[in-house]
Number of protein chains: 2
Amino acid sequence: MPRPDLAAMLGPLGRRLLALERPILAAHGVSMWGYAVLLRLADEPVRAQAALAESIGADKTRLIPVLDELQAAGLIERTPDPADRRARVLSITAAGRSLRDAVQTEIQAQEERYLAVLPPDQREAFLTALRTLAGFTG
Amino acid sequence: MPRPDLAAMLGPLGRRLLALERPILAAHGVSMWGYAVLLRLADEPVRAQAALAESIGADKTRLIPVLDELQAAGLIERTPDPADRRARVLSITAAGRSLRDAVQTEIQAQEERYLAVLPPDQREAFLTALRTLAGFTG
DNA sequence: TATTGTTATACTCTATAACTATA
DNA sequence: TATAGTTATAGAGTATAACAATA
């Protein structure tokens, strides 16, 4: 018998994990897209909001209220680029970084509990393969 | 360094696979939910549309136009249950079954091409783990 | 004239509530 | 009165188009 469709398994699984994350994000008062932005900015500031939107798979128009919220909460900074005053340079604040760390710790702990149904070797194999697939865009 | 969040990898991956399937489904003139229904009915008829909706993770109200389309296309049958004339027994037709098979063959071929970035042993490990996780609802 | 960010608008998907027909 | 199916309606999420500021 043929295996179940990949998408048919990944879809519900993703939705279930997202449902696990929602209460954590809500407890910290940050939206899912807000969290995605904090993750993206953690490494380095990003020049131009459109670039940020594209890199996290969002639309630039729907990112704006998210950035407004994050900025109002003091989690990110939006400073005009001196070289091109149309553009904004986006960077995470210390508060943003600490919120990001707290949320990510809780989320990954939750995920670990979820992954615990797999034997350790399968668990590792799954994560390894998933990282490869997630990075592959062809 | 901590691994990327699970959901952050699964989400985009799922979306990408879905995007690969969309043209295939369109070519066969069936919607994603319509395909999900055909898959679910392939094994056995289902009594009650609400039960079907729940079992594929859909809402019973948004399933109705889907069933209408499938029925109009002769892919499923909706017969009143003699024992309880409020309820409908849903079953797939021969045409539905053959469409389902054709679509699934193409979709899985597409997916195989996608999975080909993984070495064979990783590929198997990934599928095994995924089946376990997808079946686990805790 | 083109581009960045923004706002306003429309569209899609999904869920809630009200209706009908049977029980 | 309760339930299966249906319809109508409203809500979230998303994308498209128009706008203001700067280049």
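Below, read A as the first sequence line, B as the second, and so on, with proteins coming before strands; counting in each chain starts at 1. FYI, side chains are in, hydrogens and waters are out, and symmetry mates aren't considered; it's all heavy atoms of this structure. Note that this is a predicted model, so its numbers are computed, not measured.
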Could you work out which one of [options] sits closest to the side chain of [X]?
{"X": "A:Arg85", "options": "D:dT22, D:dT16, C:dT4", "value": "D:dT22"}
{"X": "B:Ala87", "options": "D:dT22, D:dA4, C:dA15", "value": "D:dA4"}
{"X": "B:Thr61", "options": "D:dG5, D:dT7, D:dA17", "value": "D:dT7"}
{"X": "A:Ala48", "options": "D:dG5, C:dG5, D:dA23", "value": "C:dG5"}

Checklist entry - About how many Å separate CD of B:Glu111 and CG of A:Leu6, when rounded to the nearest 0.5 Å? => result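 These two atoms lie 4.5 Å from each other.
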Item to check | Separation of B:Arg123 CZ from B:Glu112 CD (nearest 0.5 Å) | outcome: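 B:Glu112 CD to B:Arg123 CZ: 4.0 Å, rounded to 0.5 Å.
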Nearest-angstrom distance from the residue atom [atom1] of [X] to [atom2] of [N]:
{"X": "A:Leu63", "N": "D:dT14", "atom1": "CG", "atom2": "C1'", "result": "13 Å"}
{"X": "B:Asp84", "N": "D:dG5", "atom1": "CG", "atom2": "P", "result": "9 Å"}
{"X": "A:Leu18", "N": "C:dT14", "atom1": "CG", "atom2": "P", "result": "14 Å"}
{"X": "A:Glu54", "N": "C:dG5", "atom1": "CD", "atom2": "C1'", "result": "16 Å"}
{"X": "B:Gln49", "N": "D:dT7", "atom1": "CD", "atom2": "P", "result": "10 Å"}
{"X": "B:Asp59", "N": "D:dT7", "atom1": "CG", "atom2": "P", "result": "15 Å"}
{"X": "A:Leu90", "N": "C:dT6", "atom1": "CG", "atom2": "P", "result": "9 Å"}
{"X": "A:Arg62", "N": "D:dA17", "atom1": "CZ", "atom2": "P", "result": "17 Å"}

Checklist entry - For A:Arg78, which contact category applies under a 4.0 Å heavy-atom criterion: base, sugar-phosphate, or nothing? => result sugar-phosphate
Item to check | N or O in side chain of B:Trp33 less than 4.0 angstrom from C:dT14 OP1/OP2 | outcome: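 B:Trp33 to C:dT14 OP1/OP2: side-chain N or O found under 4.0 Å.
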Item to check | CD/B:Glu54: more than 12 non-hydrogen atoms of other groups inside 6.0 Å | outcome: no
Checklist entry - Do A:Gln49 and A:Arg88 have side-chain N/O donor and acceptor atoms under 3.5 Å apart? => result no
Checklist outcome for this item: Nearest heavy-atom approach of A:Ala7 to B:Glu21 is CB-OE2, 3.0 Å
